[in-house]
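Below, each value reflects all heavy atoms present in this structure, side chains not excepted, and no hydrogens, waters or symmetry copies.
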Amino acid sequence: MERSKQKQVNENENENEADSAINGHFDGRVKMPGWSAGGAAGTPSTVPSSSVMESWREERTRSLEDNEMSLPSIAAAYTTILRGLGEDPQRQGLLKTPWRAATAMQFFTKGYQEKIIDVLNDAIFDEDHDEMVIVKDIDMFSMCEHHLVPIFGRVHIGYLPNKRVLGLSKLARIVEIYSRRLQVQERLTKQIAVAITEALQPAGVGVVIEATHMCMVMRGVQKMNSKTVTSTMLGVFREDPKTRDEFLTLIRS
């Protein structure tokens, strides 16, 4: 009896995890036709609640005022790091390094102080277009959340409109907002896809990221030419092999 109760508790916990935030700011998953949390194609679709679909408008975790207030403490932390590395923070070359490093880190993570709605609010247009839209080779710079070293590469985005299109430059802005945070590439890929899904409710979305991780190049295995490729396919990009193949072919051309 105790084992069955514990099994039910574990199953409930797993269900809660399945509904946890993909983008870190809403309490449900967007489920496109043919897509499920388990990743199997052809599963029954569910219509996202309006609260889920609109919640991308709510998210911002840092302000410019926060930057000003936290800058001295971040700079002080870099001073401590320099000492811990055996350096003298008072020598000429390092006098302003803590402040430079602190402001640089705030810039590298400026995605925390930006909202998707600020970018997309006036750039979604009603348009009777139902053919694939692709923007490829979007430069991406991010920070590995495990080692605080750079990740850089290219992002390819495609979507199949459902009577609504997005200004093309805004796809690059979505990449910028989510990449300028502490990240892992797998999560970044899905965040971009889900943000586009929430904003446009298209028939499908595909996102592919090719990136170099300096935590693999500069340390650890030190493989200079290694690249990591991740993809997220939602809607018809996941359930229809022809649509997916067309997208993958076009981004490689």
Check whether [X] and [Y] end up in the same hydrophobic cluster, where Ile, Leu, Val, Met, Phe, Trp and Tyr are linked by side-chain heavy atoms less than 4.5 Å apart.
| X | Y | value |
| --- | --- | --- |
| Ile251 | Val229 | yes |
| Val165 | Ile116 | yes |
| Phe152 | Ile138 | no |
| Val175 | Ile124 | yes |
| Trp99 | Ile74 | no |

Any donor-acceptor pair under 3.5 Å from [X] side chain to [Y] backbone:
| X | Y | value |
| --- | --- | --- |
| Ser142 | Arg181 | yes |
| His156 | Gly158 | no |
| Lys190 | Ser231 | no |
| Tyr178 | Gln183 | no |
| His213 | Ile151 | no |

If you count the non-hydrogen atoms of other residues, nucleotides and ligands that lie under 6.0 Å from [atom1] in [X], is the total more than 12?
| X | atom1 | result |
| --- | --- | --- |
| Asp128 | CG | no |
| Met214 | CE | yes |
| Gln222 | CD | yes |

Just verifying a value: how many Å separate [X] [atom1] and [Y] [atom2], rounded to the nearest 0.5 Å?
| X | Y | atom1 | atom2 | result |
| --- | --- | --- | --- | --- |
| Leu120 | Leu166 | CG | CG | 5.5 Å |
| Thr79 | Glu87 | OG1 | CD | 12.0 Å |
| Tyr78 | Thr97 | OH | OG1 | 11.0 Å |
| Ile196 | Leu234 | CD1 | CG | 9.5 Å |
| Ser169 | Arg173 | OG | CZ | 8.5 Å |
| Gln185 | Glu145 | CD | CD | 12.5 Å |

What I'd like to find out is whether the side chain of [X] reaches to under 4.5 Å of the side chain of [Y], using heavy atoms alone.
| X | Y | value |
| --- | --- | --- |
| Gln201 | Arg164 | yes |
| Val149 | Met143 | no |
| Asp88 | Leu94 | no |
| Tyr159 | Thr197 | no |

*asked:* Exactly one of Leu248, Val155, Ile157, Thr230 should register a side-chain contact (heavy atoms from CB on, under 4.5 Å) with Val208. Which one does?
replied: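 The side-chain contact (heavy atoms from CB on, under 4.5 Å) with Val208 is passed solely by Leu248 among Leu248, Val155, Ile157, Thr230.
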*asked:* Go through it in stages, so that I can follow the logic: the residues are Leu182 and Phe108, the test is side chain to side chain contact (heavy atoms under 4.5 Å, CB included), and I'd like the CA-CA distance, side-chain angles, deciding distance and then a yes or no.
replied: CA-CA 9 Å; Leu182 302 183; Phe108 296 155; over 6 Å; no
*How does the hydrophobic cluster around Met216 look, that is, which other residues are in it when side-chain heavy atoms under 4.5 Å mark a link?*
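Val221, listed by chain and number.
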Using every non-hydrogen atom in the two residues, find where [X] and [Y] come nearest and quote the distance to one decimal.
| X | Y | answer |
| --- | --- | --- |
| Ser70 | Ser73 | O-OG, 2.8 Å |
| Leu82 | Pro98 | CD1-CG, 4.1 Å |
| Val133 | Pro161 | CG2-CG, 3.9 Å |
| Met132 | Thr243 | CE-O, 3.7 Å |
| Ser179 | Leu188 | N-CD1, 3.6 Å |

Salt-bridge contact [X]-[Y] (side-chain N to carboxylate O under 4.0 Å):
| X | Y | answer |
| --- | --- | --- |
| Glu239 | Arg244 | no |
| Glu176 | Lys110 | yes |
| Arg154 | Glu210 | yes |

Can a side-chain donor-acceptor contact be found between [Y] and [X] if the only test is distance below 3.5 angstrom?
| X | Y | result |
| --- | --- | --- |
| Glu186 | Thr232 | no |
| Thr109 | Arg62 | yes |
| Gln113 | Asp66 | no |

*asked:* Would Lys136 and Phe247 count as a side chain to side chain contact (heavy atoms under 4.5 Å, CB included) here? Give the steps.
replied: CA-CA 10 Å; Lys136 65 178 185 177; Phe247 169 62; over 6 Å; no
*Report the C-alpha separation of Asn162 and Asp130 in whole Å, then their side-chain angles, then the decisive distance to 0.1 Å, and conclude whether the side chain to side chain contact (heavy atoms under 4.5 Å, CB included) test is met.*
CA-CA 6 Å; Asn162 183 19; Asp130 59 1; over 6 Å; no
*Full working for side chain to side chain contact (heavy atoms under 4.5 Å, CB included) between Lys163 and Asp126*: CA-CA 6 Å; Lys163 306 300 183 182; Asp126 295 329; over 6 Å; no
